[in-house]
Number of protein chains: 2
Amino acid sequence: MSRSNPRVVSVLERAGGFASAQEVYRLMQREGESIGLTTVYRSLQSLVNDKIVDVLRREDGEAIYRLCGDTHHHHHLVCKSCGDTVEIEGGAIEKWAKTMAQEFGFRDVGHTAEIFGLCPKC
Amino acid sequence: MSRSNPRVVSVLERAGGFASAQEVYRLMQREGESIGLTTVYRSLQSLVNDKIVDVLRREDGEAIYRLCGDTHHHHHLVCKSCGDTVEIEGGAIEKWAKTMAQEFGFRDVGHTAEIFGLCPKC
DNA sequence: ATGGAAATGAAAATCATTTTCATTTGTGCT
DNA sequence: AGCACAAATGAAAATGATTTTCATTTCCAT
Ligand SMILES: [Zn+2]
Ligand SMILES: [Zn+2]
Ligand SMILES: [Zn+2]
Ligand SMILES: [Zn+2]
């Protein structure tokens with residue numbers, strides 16, 4: 001069931017930042033790669049399952065994907081103009097989440113935390 | 001342009017936790033309230049603009065809304081079973097975001113940070 | 001009462017994502 | 001090579017949330 005299509009991985013590598021399924025599809029088309037949109041969706045989903053790719057949501061709700069260097073839990077500093085992304089540690093967040101959960105008696109907790117802004121180049 | 005429909009506000013008040021536009025609509029129908037789905041969407045949007053309502057995204061991308069007690073910047077501790085929500089301060093997060101942005105030269109930054117888990121009752 | 005602005009909602013349009021299903025491709029076996 | 005069967009592919013249709021259009025209704029000030 002390994003649908004981690006290497007051609008999709010390659011596009012994500014070159015993209016660098018986060019990209020939506022539709023964008024990945026358009027990119028591949030522009031480069032003359034023949035692929036179906038369905039396959040792009042399936043490949044991305046598979047990569048997310050394998051924790052090779054991270055997925056976030058744009059403000060409008062569209063899912064965006066990124067091939068991350070670290071397969072362990074981490075957070076992101078994303079440029080909202082060019083999409084450039086830095087993977088960052090969330091030490092303070094992990095602690096904060098744990099503390100808050102404890103304080104209010106919540107169990108089995110997870111969290112999300114991302115930072116959006118303009119990178120030095122933009 | 002104040003489309004902050006009081007009937008929609010009332011439903012959100014009773015709902016307590018986060019609810020999607022479709023859910024708000026269904027709730028009002030069940031209670032015999034006559035309202036159009038379009039109006040529900042417009043009212044929620046207006047409430048978000050006025051910072052009276054917070055909006056998050058479910059994992060599937062659907063937008064969910066909540067009438068929050070504090071109109072200032074804050075974060076949430078959400079029960080993924082019953083939807084019960086606690087508004088929490090993010091002192092540590094604010095600092096973390098600022099520090100990270102500075103370290104990598106990002107300007108004009110914002111952030112998201114929410115905690116999901118099971119509340120004491122669930 | 002009258003006129004114009006704002007609000008409303010039904011229906012259509014949009015758009016990302018998923019599902020269906022027929023076809024193609026890959027792999028091991030003879 | 002020839003065959004069988006599983007996995008992968010993709011076009012087209014279906015789904016579902018959200019937005020847009022546009023005609024009608026409700027409000028308000030004069
Ligand atoms: Zn990442
Ligand atoms: Zn974390
Ligand atoms: Zn809130
Ligand atoms: Zn914050």
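Convention: sequence-line order gives letters A, B, ...; per-chain numbering from 1. Worth saying up front: this structure is predicted, and the values here are computed from it rather than measured.
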To the nearest angstrom, how far is [X] atom [atom1] from [N] atom [atom2]?
| X | N | atom1 | atom2 | answer |
| --- | --- | --- | --- | --- |
| B:L44 | C:dT8 | CG | P | 13 Å |
| A:M28 | D:dG10 | CE | C1' | 13 Å |
| B:Y25 | D:dG16 | OH | P | 16 Å |
| B:E62 | C:dT17 | CD | P | 14 Å |
| B:E23 | D:dG16 | CD | C1' | 14 Å |
| B:R7 | C:dA7 | CZ | P | 14 Å |
| B:I64 | D:dA17 | CD1 | C1' | 14 Å |
| B:R42 | C:dA10 | CZ | C1' | 11 Å |

Pairing residues for [X] by the side chain to side chain donor-acceptor pair (under 3.5 Å) criterion, not counting sequence neighbours:
| X | answer |
| --- | --- |
| B:T38 | none |
| A:T71 | none |
| A:E103 | none |

Are the side chain of A:R66 and the backbone of A:G16 linked by a donor-acceptor contact shorter than 3.5 Å?
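Judged by distance alone, yes, a pair lies under 3.5 Å.
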
Taking B:A21's backbone N and O only, do any of them form a donor-acceptor pair with B:R26's side chain (distance below 3.5 Å, no angle check)?
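Checking the backbone N and O of B:A21 against the side chain of B:R26, no donor-acceptor pair under 3.5 Å is found.
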
Identify all side-chain donor-acceptor contacts of residues 114-122 of chain A below 3.5 Å with residues at least two apart in sequence or on another chain.
| from | atom 1 | to | atom 2 | distance (Å) |
| --- | --- | --- | --- | --- |
| A:E114 | OE1 | A:H76 | N | 2.9 |
| A:E114 | OE1 | A:H76 | ND1 | 2.9 |
| A:K121 | NZ | A:D84 | OD2 | 3.3 |

Mind checking whether B:H111 and B:H75 have parallel, tilted or perpendicular rings, split at 30° and 60°?
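Correct class here is parallel.
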
Scan residues 31-41 of chain B against DNA chain C and write down, sorted by residue number, each residue with any heavy atom closer than 4.0 Å; if none is found, say none.
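Nucleic-acid contacts, sorted: B:S34, B:I35, B:G36, B:T38, B:T39.
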
Closest to side chain of A:R3, choosing from C:dT17, D:dA8, C:dA7:
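Nearest to the side-chain atoms of A:R3, counting from C-beta on, is D:dA8.
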
How sharply is the helix from C:dA1-D:dT30 to C:dT30-D:dA1 bent, taking the axes over five pairs at either end and rounding to 10 degrees?
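Roughly 20° between the end axes, to the nearest 10°.
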
Is A:Q45 close enough to C:dT17 that one of its side-chain N or O atoms is under 4.0 Å from OP1 or OP2 there?
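Result: no.
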
